[in-house]
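First comes the structure, then the notes that go with it.
As the structure lists them, so they are numbered: ligands from 1, and atoms in each ligand from 1.
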Amino acid sequence: MAYYIFVAGGVMSSVGKGAATASIGKILQGKGFRVSAIKIDPYINVDAGTMNPIEHGETFVTNDGTECDQDVGNYERFLNINLSTDNYMTTGRIYQAVIQKERNLEFNGRCVEVVPDIPNEVISRIEKVAKKDKADFVMIEIGGTVGEYQNLLFLEAARMMKLKYPKKVLFTLVTYLPTIKTIGEMKTKPTQTSSRLLNEAGIQPDFILGRASVPLDEPRKRKISIFCNLDPKDVISAPDVDSIYEIPINYEREGLGDRILKKLKLRAKTRDMEEWDKMVDTIKKEKKDIRIGIVGKYFESGEFSLTDSYISVIEAVKHAAWANNRNPDIHWLSAQKFETGDKNELSKLKEYDGIIVPGGFGTRGTEGKIKVIEYCRKNKIPFLGLCLGLQLATIEFARNVCGIKDATSREFDANAKNPVIDLMEEQKDLMKKHNYGGTMRLGTWDCKINKGTNSFKAYKSELVSERHRHRYEVNNDYRDLLVSKGLVIGGINEKKDLVEIIELKDHPFFVAVQFHPELKSRPLVPHPLFKEFIKAAGNKKPEA
Ligand code: GLN
């Protein structure tokens with residue numbers, strides 16, 4: 001029988017509920033428990049696949065091809081587990097399932113109601129995860145902020161879950177404590193109000209995690225304790241940190257893990273955070289920088305949104321840098337700046353140890369990225385292309401090495417004469433029917449690695465499986481020509497005969513992949529391709 005810990009957020013969004021949820025899971029893992037996690041998103045979208053990354057951040061993809069919220073990525077990275085469609089819920093998904101059951105006469109002719117039928121569907125899905133993942137603990141993060149309309153039904157589900165399992169459910173409220181500069185005092189009132197709003201939903205928080213720029217002091221903890229009706233020991237200080245991977249260590253310092261076990265009358269099976277602690281020590285240690293440029297779009301929305309849109313790529317770079325005993329120094333390079341092929345602009349690329357062209361959709365910025373790729377190819381700058389990055393590297397090679405001047409992707413030109421990147425047949429039908437949601441090539445696909453390549457050197461394996469999310473592919477009609485001109489096929493999917501990796505010879509590291517290796521990188525298990533890329537970048541001579 002599992003225990004359930006719900007995590008809700010108060011005061012405002014972006015307080016770091018995802019990292020908090022993952023971190024609580026991590027400390028429970030450290031005490032020897034099996035942990036799983038669920039993200040609940042209150043929006044109507046059935047999944048995160050149809051949402052713009054500027055608005056919602058990166059779309060994370062699980063092994064089974066679920067397009068979900070980036071927090072699921074946080075859970076996988078912290079807990080080093082693989083999650084699936086069951087670990088993700090949205091209002092849209094829940095309603096869709098309940099309505100389908102009604103159509104199937106599964107409610108035996110009775111009136112189907114918002115309460116309790118919607119919360120019951122939520123509860124049964126949570127129980128399913130506990131069973132399927134054989135979890136001792138299921139962490140459940142409720143998206144949104146308490147007090148808004150959107151997530152009310154999920155709070156209702158949490159309340160009903162406590163009624164069902166009174167001794168097995170805990171609630172955590174993550175809030176924010178602002179410090180007004182001119183007064184210099186950290187204010188607890190918004191936290192008090194949020195806690196009351198949670199009370200209104202019938203829930204008393206067992207823990208309050210107080211996010212703030214600095215640690216909470218004793219008077220603040222006491223005040224929250226009195227007004228929010230909980231022991232001061234259960235008010236946990238959660239100050240800003242340099243690296244999110246420090247959070248579990250901070251929580252442990254505050255005694256959160258033992259407080260959880262005490263409330264549930266459980267005993268730790270082990271006490272082992274050694275590997276994690278060691279990793280965090282490496283992060284904090286003085287190290288030589290590795291300068292990585294990521295060429296992307298979404299720049300107009302600011303640094304915060306950029307980090308959100310490319311979070312898995314950034315984390316994968318960090319993991320690999322730490323594994324190479326380097327300090328990741330990531331720079332954003334706007335693709336549009338390179339569009340005109342301005343030599344001055346392009347020569348600045350030499351300042352970086354390595355360049356990444358990540359995934360993306362649509363035409364904007366692609367010509368600039370192609371110019372960057374050409375520069376990296378010719379100037380031997382270590383290069384890693386991800387998904388769209390592979391497609392653009394193929395186009396660049398076709399245009400500038402094979403002499404197909406109008407080579408392009410069908411995505412950018414529906415009437416392309418030379419679509420070296422093209423839609424697969426089954427995708428054509430889907431697009432005609434406007435059937436866009438959840439219909440890309442998604443989830444894990446096998447990739448057979450060719451020996452003697454950089455990819456083989458990285459993976460040290462002939463068969464790997466990686467996660468995908470794209471519609472377009474290298475057009476096999478051009479494959480022989482590309483290869484005859486020197487393009488190396490690093491790996492293919494044998495079943496469908498699809499190009500999955502391309503590389504260049506006579507280059508320190510030029511690898512582009514049709515999949516998203518960043519989605520599988522974990523701080524304790526950095527991705528082999530990123531590790532090899534950073535290694536090559538580390539060997540680049542300054543201003544090579
Ligand atoms: N837009 C490209 C496609 O759909 C690449 C997608 C991606 O980079 N994830 O195939």
Side-chain angles (χ1 to χ4, degrees), residues 47-54 56-63 65-70 73 294-298 306 308-314 316 335 355-370 372-373 383-396 398 407-414 416 419-432 434-445 447 466-476 478 493 496 498-502 511-521 527 529-530:
D47 59 40
T50 52
M51 268 181 283
N52 182 334
I54 302 185
H56 189 67
E58 165 194 273
T59 299
F60 191 78
V61 183
T62 51
N63 277 343
T66 306
E67 297 170 278
C68 53
D69 185 79
Q70 49 172 308
I294 304 181
V295 189
K297 52 181 183 182
Y298 313 131
L306 274 176
D308 248 31
S309 309
Y310 297 111
I311 179 159
S312 290
V313 179
I314 297 167
I355 296 288
I356 294 177
V357 172
F361 292 83
T363 315
R364 185 160 66 88
T366 50
E367 286 304 320
K369 290 179 189 176
I370 290 174
V372 169
I373 295 169
F383 168 78
L384 181 62
L386 308 170
C387 204
L388 179 69
L390 169 135
Q391 299 175 355
L392 298 177
T394 308
I395 294 170
E396 192 278 319
T408 188
S409 164
R410 182 84 66 193
E411 185 178 8
F412 316 144
D413 179 2
V420 291
I421 304 297
D422 204 356
L423 261 187
M424 297 213 319
E425 278 313 310
E426 58 250 47
Q427 288 292 340
K428 283 183 192 161
D429 285 346
L430 292 165
M431 301 275 279
K432 242 185 251 151
H434 292 267
N435 187 1
Y436 295 113
T439 58
M440 286 188 232
R441 176 145 85 104
L442 285 168
T444 41
W445 289 69
C447 173
E466 292 283 5
R467 297 182 189 173
H468 289 249
R469 181 174 184 253
H470 56 100
R471 273 185 219 285
Y472 298 84
E473 309 281 349
V474 172
N475 184 341
N476 280 337
Y478 294 86
N493 176 273
K496 290 242 170 190
L498 295 170
V499 173
E500 303 285 45
I501 307 178
I502 60 164
V511 176
V513 295
Q514 187 55 81
F515 43 84
H516 290 277
E518 69 273 18
L519 300 175
K520 280 190 145 188
S521 181
H527 193 282
L529 278 182
F530 276 86

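Scanning all protein heavy atoms for the shortest distance to atom 4 (O) of ligand 1 gives R471 N, 3.1 Å. Nearest to atom 7 (C) of ligand 1 among the protein's heavy atoms is C387 SG, 3.0 Å.
Close contacts of ligand 1 with G359, meaning ligand atoms under 4.0 Å from a residue heavy atom, involve 8 (O). Using a 4.0 Å cut-off to heavy atoms of R469, the atoms of ligand 1 that qualify are 6 (C), 7 (C), 9 (N).
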Please walk me through it: do V474 and I421 pass side chain to side chain contact (heavy atoms under 4.5 Å, CB included)?
-> CA-CA 5 Å; V474 172; I421 304 297; 4.0 Å; yes
Test side chain to side chain contact (heavy atoms under 4.5 Å, CB included) applied to T439 and M431, step by step = CA-CA 9 Å; T439 58; M431 301 275 279; over 6 Å; no
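At a 4.0 Å heavy-atom cut-off, ligand 1 touches E411 through the side chain alone. Residue H470 touches ligand 1 through backbone and side chain together, judged by heavy-atom distances below 4.0 Å.
No salt bridge links E58 with R469; every basic N to acidic carboxylate O contact stays at or beyond 4.0 Å.
For the atom pair CD1 (I370) and CG (L392), the distance works out to 5.0 Å, reported to the nearest 0.5 Å.
At a 3.5 angstrom cut-off on N or O pairs, G362 does not count as close to ligand 1. Looking at G360 next to ligand 1, an N or O pair under 3.5 Å apart turns up.
Look at M440 and you'll find every heavy atom at least 4.0 Å from all atoms of ligand 1. Remark: distances from the non-hydrogen atoms of E473 to ligand 1 are all 4.0 Å or more.
With hydrogens and angles ignored, the 3.5 Å screen pairs a side-chain donor or acceptor of H470 with a backbone N or O of Y472. Side-chain atoms of R471 come within 3.5 Å of backbone N or O of Y436 as a donor-acceptor pair.
Between E473 and the choices Q427, R410, Q391, R441, the side-chain hydrogen bond (donor to acceptor under 3.5 Å, both in side chains) rule is met once, by R441.
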